[in-house]
Amino acid sequence: PTTDADAWALEMWVRPTGPDPGDRYDYLLEARGVAINSPGILFDYGNNDKIEVFGGGGRTAGSGPSVTNDAWQHLVIGNFGADNDRIDFYLNGVAAGSVAYLETVPFGTNQIAVGNSVPGNANFDHFAGEIDELAVYDLTGQSVEAISSKLATLAGHYSLVPEPNT
């Protein structure tokens with residue numbers, strides 16, 4: 001099957017830093033202008049430092065990879081679109097989970113908040129760390145096989161693109 005307009009991939013280097021604040025999650029990215037609970041990529045401290053996808057009506061919860069504090073990690077996340085209800089994760093070049101996901105999670109490129117979901121408020125969902133080499137890929141209309149291949153190619157950037165300087 002082909003995908004619909006909400007099929008996408010995200011690629012980035014992330015480096016969480018600082019003490020674990022406990023049962024809290026921070027936005028790595030938030031797609032603005034969609035709804036009160038805008039879709040985003042979360043770093044969930046309370047769930048074993050997992051990366052999650054949030055779609056307004058639910059989260060991928062424990063299905064994403066755990067990331068290590070104070071270390072650069074290469075992250076690829078792929079959304080296969082609402083017709084296929086699937087999110088895949090890659091961490092440091094290796095497949096790190098796949099989950100059935102029924103929520104619509106549109107990502108465009110005109111309004112993405114990086115590291116903070118509330119502009120000017122450093123105390124609300126502010127990601128403690130660094131994000132580098134962020135890329136958003138539109139996979140609209142591609143088959144499941146083509147999306148899977150694209151994600152594997154992006155995951156391969158882990159060994160080709162050097163880790164950012166700290």
Beyond-backbone contact of [X] with [Y], side-chain heavy atoms, under 4.5 angstrom:
{"X": "I131", "Y": "L28", "answer": "yes"}
{"X": "F80", "Y": "V144", "answer": "yes"}
{"X": "L91", "Y": "Q73", "answer": "yes"}

Rounded at 0.5 Å granularity, tell me how far [atom1] in [X] sits from [atom2] in [Y].
{"X": "L75", "Y": "E11", "atom1": "CG", "atom2": "CD", "answer": "9.5 Å"}
{"X": "L139", "Y": "N79", "atom1": "CG", "atom2": "CG", "answer": "9.0 Å"}
{"X": "F89", "Y": "I51", "atom1": "CZ", "atom2": "CD1", "answer": "8.0 Å"}
{"X": "H74", "Y": "W13", "atom1": "NE2", "atom2": "CH2", "answer": "6.0 Å"}

Under a 3.5 Å distance rule, please check whether [X] uses its side chain to pair with a backbone N or O of [Y] as donor and acceptor.
{"X": "E52", "Y": "K50", "result": "no"}
{"X": "S143", "Y": "A146", "result": "yes"}
{"X": "N84", "Y": "R86", "result": "no"}
{"X": "N69", "Y": "T17", "result": "yes"}
{"X": "E130", "Y": "P16", "result": "no"}

Going by the rule side-chain contact (heavy atoms from CB on, under 4.5 Å), which residues pair with D49 if we only count those two or more places apart in sequence or in a different chain?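 Applying side-chain contact (heavy atoms from CB on, under 4.5 Å) to D49 gives D20, F43, Y45.
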
If you take all heavy atoms of [X] and [Y], which pair is closest and at what distance?
{"X": "A155", "Y": "Y90", "result": "CB-CD2, 3.4 Å"}
{"X": "I41", "Y": "W8", "result": "CD1-CH2, 4.2 Å"}
{"X": "I87", "Y": "Y101", "result": "CG1-CB, 3.6 Å"}
{"X": "W72", "Y": "P164", "result": "NE1-O, 3.3 Å"}
{"X": "A7", "Y": "D138", "result": "O-OD1, 3.7 Å"}
{"X": "L151", "Y": "G78", "result": "CD2-CA, 3.6 Å"}

Per the side-chain hydrogen bond (donor to acceptor under 3.5 Å, both in side chains) rule, what does the pair list look like for residues 147-156, sequence neighbours excluded?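 As it turns out, there is no side-chain hydrogen bond (donor to acceptor under 3.5 Å, both in side chains) pair with a partner in residues 147-156 once direct neighbours are skipped.
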
Check the hydrophobic clustering (I, L, V, M, F, W, Y; side-chain heavy atoms under 4.5 Å; chains of links allowed) and say if Y158 and V94 are grouped together.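 No; tracing contacts between hydrophobic side chains, which count when under 4.5 Å, never links both residues.
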
Show me the pairs that pass salt bridge (Lys or Arg N to Asp or Glu O under 4.0 Å) and involve residues 91-100, at least two apart or across chains.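 Listed by first then second residue: nothing to list.
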
